[in-house]
J.: 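Handing you this structure, nothing more for now.
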Amino acid sequence: MSRNDDFDNTLEAWLSSQAPSQAPDRVLDAALDRVATQSRKRSWLRRLIGGTPMTILTRVAAVTAVVAVAVLVGFQLSHLMRNVGPAPSPSPSVSAQSTESASPSSFEPSASPRAAALVLRLEGGAEDGRFHLVTVLEDGRVITTAARGTAGAATPPFERRLTAAGVQLVRDEMNATGLTDASATYYPVAKPGVEPPPYGGVGSALEVGLPGGVAVSITWFYWGDGNPYFEPQPEALALTNLAGRLQTLEEWLPAGAWADASPQAYAPAQYRIVISTDPWGGSVNDLPVESSTVAWPLDAGIDAFGAVISAGSPEIRCGLATATEGAAVIDALETAGATPSDTQSYLSFQLGLRAVSRRITITLEPVIPFFPGRC
Amino acid sequence: MVQRELVELARSGDREAFSALAASVIDRLYATAVLILRDHSLADDATQETIVRVWRDLPSLRDPDRFEAWLRRLLVNACRDEGRRHRRRRPEMTLLPIHEPSVGDSSVTLADRDALERGFRRLTHDHRTAVVLHHYLGLSLPEVADATGVPLGTAKSRVHHATLALRAALEADARGAGMTRGGTA
């Protein structure tokens, strides 16, 4: 037996010795309790493409039809709104297979007057949906959120302002790809003879505001050119490179493109406050700061704030608060000793309800223009 | 009932089948989560979250035969999320042998166990995950890449460097022990 084999055997034996052979009953019980009250909320598009067995062709046809209808409705809406300017030339290219997880339902072209102020909105894709990365508005504002998974402490969104010439440079950068003047979705294309693994989540997405107040959306998946399962896709690579450029504007835009000297913390006009309450599987002694010790500053209490957006376990409520109210909530939570987590760029605090063995998670999301939220 | 049938029934909304399916995988999920996260409480949460995500997203699983690979990816993602969520609150994660004493590993000496424990704790989350998937679950390197959502080269690199670090920890410990024993080790 080689030295490598000896070491591998030692390591494997040690790992086996460290692994519990059985999960505590409470883990399965708590999980099934949560499942029992959870409905399968499936988007209209996912219902269409993911629910019943369909051939690839059927799925592609279904997706194409849905996108075409969405674009047609958008066009009609834009017409009704008397927006002047060239109509979009939406030719959604649903290339190759659609997959079980491709669900761009929250990323429709925003063909409405609000799009008049939008230059671009870039979102990253993850297993559980999309997250904001960069928004550029026609008034020059650039709102940037650190990518999810960025190491280090929580990074709040920050904001800079471009000059009109700077905004045009950003537009030029997008136009140079030749991919941002029409809505499209680039699904991965499997290599011949290869059965790719299932993949979850949604792709990255870019919404681009066009002259005339309409917007197009481009979504794509990219896992590197060396991926063993999917064909190289030049469009996805070009869009990924563009996304990288859009996240690093300060590295390549000339200093004269900026109307201000340095980035500032993004000052939202509103916070979206999401409060989730779920059963606590461990000892109540391990629960975080007791919720009753928080001097909650809003009229509606922690247990009544906002509207229920998900009933059952966990119960999730969501409501909007002004910037002043949001700051007061943060202050009250920190004063009580609740520590913010650094999961994303949102501030997220945890509290305990020892009497009923529950944990409360309070997340404050700065509201970013054009970025959809849960409430 | 075989797993494929349970997956198909659960996918179509049969909660009883889903409960049976969850019960059949939960021990493995939990053990893997404990090893990756080195914390029973975090492993509780990650395992629960994985089960909930399975229920929520099962209708999107096109091929029931891919269930295991899909499940592993959900677990790895849940462990990653849980690890990040608690990184600041719990800088020192502890693994307490609450459920299982360290028995049945007579091939691993007490000194080796301590050295491996110390070395393992020093690994990054991604490196621990790669080691657990490869050396505990016995996944091939392409399967590790698939479960962690990284290119094959990255998966190879993670397993390689993590293994090197653990080996170094073990050898350093052996050298130390040898010195204290007068160089007889």
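The structure presented is a predicted model; accordingly, all values stated were derived computationally and were not measured. Below, chains carry the letters A, B, ... as their sequence lines are ordered, and counting in each starts from 1.
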J.: Distance check, rounded to the nearest 0.5 Å: B:R167 atom CZ versus A:T10 atom OG1?
T.: 9.5 Å

J.: Considering all heavy atoms of both residues, which atom of A:P20 and which atom of B:A31 are nearest to each other, and what is their separation?
T.: O-CB, 3.4 Å

J.: Could you report the tightest heavy-atom contact between A:V27 and B:Y30, atom names first, then the distance?
T.: CG2-CE1, 4.2 Å

J.: Just verifying a value: how many Å separate B:H134 NE2 and A:D8 CG, rounded to the nearest 0.5 Å?
T.: 7.0 Å

J.: Can you tell which part of B:L152 gets under 4.5 Å to a heavy atom of chain A, answering side chain, backbone, both or neither?
T.: neither

J.: Just verifying a value: how many Å separate B:L166 CG and A:F7 CZ, rounded to the nearest 0.5 Å?
T.: 5.0 Å

J.: Would you mind checking which part of B:T50 comes under 4.5 Å of any heavy atom in chain A, side chain (CB onward), backbone (N, CA, C, O), both or neither?
T.: neither

J.: Given that the side chain runs from C-beta out, which part of B:V131 has a heavy atom under 4.5 Å from chain A: side chain, backbone, both or neither?
T.: both

J.: Keeping the roles fixed (side chain from A:R34, backbone from B:I51), state whether a donor-acceptor pair exists under 3.5 Å.
T.: no

J.: Which heavy-atom pair separates A:A36 from B:R15 by the least distance, and what is that distance?
T.: CA-NH1, 3.5 Å

J.: Using heavy-atom distances under 4.5 Å, tell me whether B:A23 contacts chain A through its side chain, its backbone, both, or neither.
T.: both

J.: Side chain from CB out, backbone as N, CA, C, O: work out which of these in A:L28 comes under 4.5 Å of a heavy atom of chain B, or both, or neither.
T.: both

J.: Taking atom NE2 of B:H135 and atom CG of A:L15, what is their separation to the nearest 0.5 Å?
T.: 8.0 Å

J.: Could you report the tightest heavy-atom contact between A:A19 and B:L35, atom names first, then the distance?
T.: CB-CD1, 3.9 Å

J.: Measure across B:E117 and A:W14 and return the closest heavy-atom pair with its distance rounded to 0.1 Å.
T.: OE1-CZ2, 3.4 Å

J.: Under 4.5 Å between any side-chain heavy atoms of A:L32 and B:F18, yes or no?
T.: yes

